[in-house]
K.L.:
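Quick one: structure below, then a few questions.
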Amino acid sequence: DEIITMHELTTATREHYKRYKPQTPQSEFQTEDQAEKHKEILMLARQTLEGLIERNLLMQEAKREMKNPKNLDKFMEQADRVWREEQVLPMVSRAAVDSEQQLREKLAEQGQSLDAMHQAFRQDFLAQSFLHAKLKDRIKVELPDLLKYYNEHVHDREFDRPAQITWRVLVVEVGK
């Protein structure tokens, strides 16, 4: 009985496109083959739809296993707490606004909805937490496996991040 709307798919696809498409100067967009770009967007939309379907299936299974509605309510309260602390506060800071209401207005100007983002977060949180709870005993990654993965992907964009900390040493000489 779960429905994935076209609006939800379009919004999620747009977010994935922004997140995964490398920042390209505008002049390069103009020379890019439109047919290739269209194929890329369709492929991304298909992947996004598959992800949304998987999320909904995980949510349904989680709700089935949480027979007591009070457990689901407590879980959603936890998701809301994480949403406020780890998502909304950084968004307010990045958007350079003073309040959540100003963030809502700024997102509305961009055609986005904070409430829709919150709902998607809650669904993702439930699905990911359920999946983690089911698989945590089966997943065991050892250090050699981590090193192998890192060495195989060291040149991927995933690991290409600018330095976040700069170390500087200041030496001040003082008289004896």
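Count residues from 1 along the sequence.
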K.L.:
Please collect all side-chain hydrogen bond (donor to acceptor under 3.5 Å, both in side chains) contacts where either partner lies in residues 127-139, sequence neighbours excluded, each pair once.
P.N.:
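Residue pairs with at least one partner in residues 127-139: Glu65-Lys134.
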
K.L.:
Please report the closest heavy-atom contact between Asp98 and Val92, naming both atoms and the distance.
P.N.:
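Closest approach of Asp98 to Val92: C-CG1, 4.4 Å.
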
K.L.:
Has Gln119 got a side-chain atom pairing as donor or acceptor with Asp115's backbone, closer than 3.5 angstrom?
P.N.:
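No; judged by distance alone, with no hydrogens or angles, the pair does not exist.
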
K.L.:
Between atom OG1 of Thr11 and atom CE of Met6, what is the distance when rounded to the nearest 0.5 Å?
P.N.:
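Between Thr11 OG1 and Met6 CE, I get 11.0 Å after rounding to 0.5 Å.
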
K.L.:
Could you please spell out the steps behind the salt bridge (Lys or Arg N to Asp or Glu O under 4.0 Å) verdict for Glu77 and Lys74?
P.N.:
CA-CA 5 Å; Glu77 286 174 14; Lys74 287 179 184 177; over 6 Å; no

K.L.:
Hey, which of His16, Glu15, Glu8 is the one that makes side-chain contact (heavy atoms from CB on, under 4.5 Å) with Thr48?
P.N.:
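The residue from His16, Glu15, Glu8 that satisfies side-chain contact (heavy atoms from CB on, under 4.5 Å) with Thr48 turns out to be His16.
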
K.L.:
To the nearest 0.5 Å, what is the distance between NE2 (His118) and OG (Ser113)?
P.N.:
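With rounding to 0.5 Å, NE2 (His118) is 11.0 Å from OG (Ser113).
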
K.L.:
Indicate the ring-plane relationship of Phe75 and Phe125, choosing parallel, tilted or perpendicular according to the 30° and 60° boundaries.
P.N.:
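Because their plane-to-plane angle lies in the 30° to 60° range, the rings of Phe75 and Phe125 count as tilted.
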
K.L.:
Counting C-beta onward and ignoring hydrogens, is there a side-chain heavy-atom pair between Met66 and Phe130 closer than 4.5 Å?
P.N.:
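With C-beta onward as the side chain, the pair stays apart.
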
K.L.:
When rounded to the nearest 0.5 angstrom, what distance separates NZ in Lys39 from CG in Asp33?
P.N.:
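Here the interatomic distance stands at 8.0 Å.
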
K.L.:
Side chains of Leu44 and Gln47, heavy atoms from C-beta outward: is any pair under 4.5 Å?
P.N.:
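They are in side-chain contact.
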
K.L.:
Looking at Ala120 and Arg55, what are the two nearest heavy atoms and their distance?
P.N.:
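So the two residues come closest at O-NH1, 3.7 Å.
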
K.L.:
Has the side chain of Ser93 got a donor or acceptor atom that lies under 3.5 Å from a matching backbone atom of Leu89?
P.N.:
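Pair absent, no side-chain N/O of Ser93 close to backbone of Leu89.
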
K.L.:
Are Ile165 and Val169 linked, directly or through other ILVMFWY residues, by side chains that come within less than 4.5 angstrom of each other?
P.N.:
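No, because Ile165 and Val169 fall into different hydrophobic clusters, even though each may have its own neighbours under 4.5 Å.
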
K.L.:
Using the rule that two of Ile, Leu, Val, Met, Phe, Trp, Tyr join whenever any of their side-chain heavy atoms come within less than 4.5 Å, decide whether Leu9 and Leu58 are in one cluster.
P.N.:
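In one cluster with Leu9: Leu58, no.
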
K.L.:
Do the side chain of Asp145 and the main chain of Val141 share a donor and acceptor less than 3.5 angstrom apart?
P.N.:
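No, the answer is negative, given that no donor and acceptor are paired below the 3.5 Å cut-off.
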
K.L.:
Rounded to the nearest 0.5 Å, what separates atom CG in Leu114 from atom NZ in Lys106?
P.N.:
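It is 13.5 Å, given to the nearest 0.5 Å.
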
K.L.:
Find the distance between CD (Glu100) and CG (Leu107) and round it off to the nearest 0.5 Å.
P.N.:
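If we round to the nearest 0.5 Å, Glu100:CD and Leu107:CG are 10.0 Å apart.
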
K.L.:
Could you tell me if the side chain of Leu72 sits less than 4.5 Å from the side chain of Lys63, heavy atoms only?
P.N.:
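Of all side-chain heavy-atom pairs linking Leu72 with Lys63, at least one is under 4.5 Å.
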
K.L.:
Are Phe121 and Val88 connected into the same hydrophobic cluster when the rule is that any two of I, L, V, M, F, W, Y join if their side-chain heavy atoms are below 4.5 Å apart?
P.N.:
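Hydrophobic grouping puts Val88 with Phe121.
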
K.L.:
Does the side-chain contact (heavy atoms from CB on, under 4.5 Å) test come out yes or no for Val82 and Arg84, once each step is laid out?
P.N.:
CA-CA 5 Å; Val82 171; Arg84 280 188 303 279; over 6 Å; no

K.L.:
Do you know which two heavy atoms are closest between Leu52 and Ala12, and how far apart they sit?
P.N.:
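Heavy atoms of Leu52 and Ala12 come nearest at CD1-CB, 4.3 Å.
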
K.L.:
Do Met76 and Met59 land in one hydrophobic cluster if side-chain heavy atoms of ILVMFWY residues count as linked below 4.5 Å?
P.N.:
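Cluster IDs for Met76 and Met59 match.
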
K.L.:
Ignoring hydrogens, what is the shortest heavy-atom contact between Thr13 and Ala45? Give both atom names and the distance.
P.N.:
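Of all heavy-atom pairs spanning Thr13 and Ala45, the closest is OG1-CA, 3.6 Å.
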
K.L.:
Do Trp83 and Arg122 come within less than 4.5 Å of each other through their side chains, counting heavy atoms only?
P.N.:
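No. Closest side-chain heavy atoms not under 4.5 Å.
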
K.L.:
CD/Glu40 to NZ/Lys37 distance, rounded to the nearest 0.5 angstrom?
P.N.:
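Answer rounded to 0.5 Å: 8.5 Å.
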
K.L.:
With a 4.5 Å heavy-atom cut-off, do Leu57 and Glu54 have their side chains touching?
P.N.:
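A side-chain contact under 4.5 Å is absent here.
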
K.L.:
Find out whether Asn56 and Ile53 are in side-chain contact, i.e. whether some heavy atom of one side chain is under 4.5 Å from a heavy atom of the other.
P.N.:
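The answer is no, as the side chains (C-beta and beyond) never meet within the 4.5 Å cut-off.
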
K.L.:
Same cluster or not: are Leu135 and Tyr149 linked, directly or through other Ile, Leu, Val, Met, Phe, Trp or Tyr residues, by side-chain heavy atoms under 4.5 angstrom apart?
P.N.:
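Looking at the clustering, Tyr149 is in a separate group from Leu135.
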
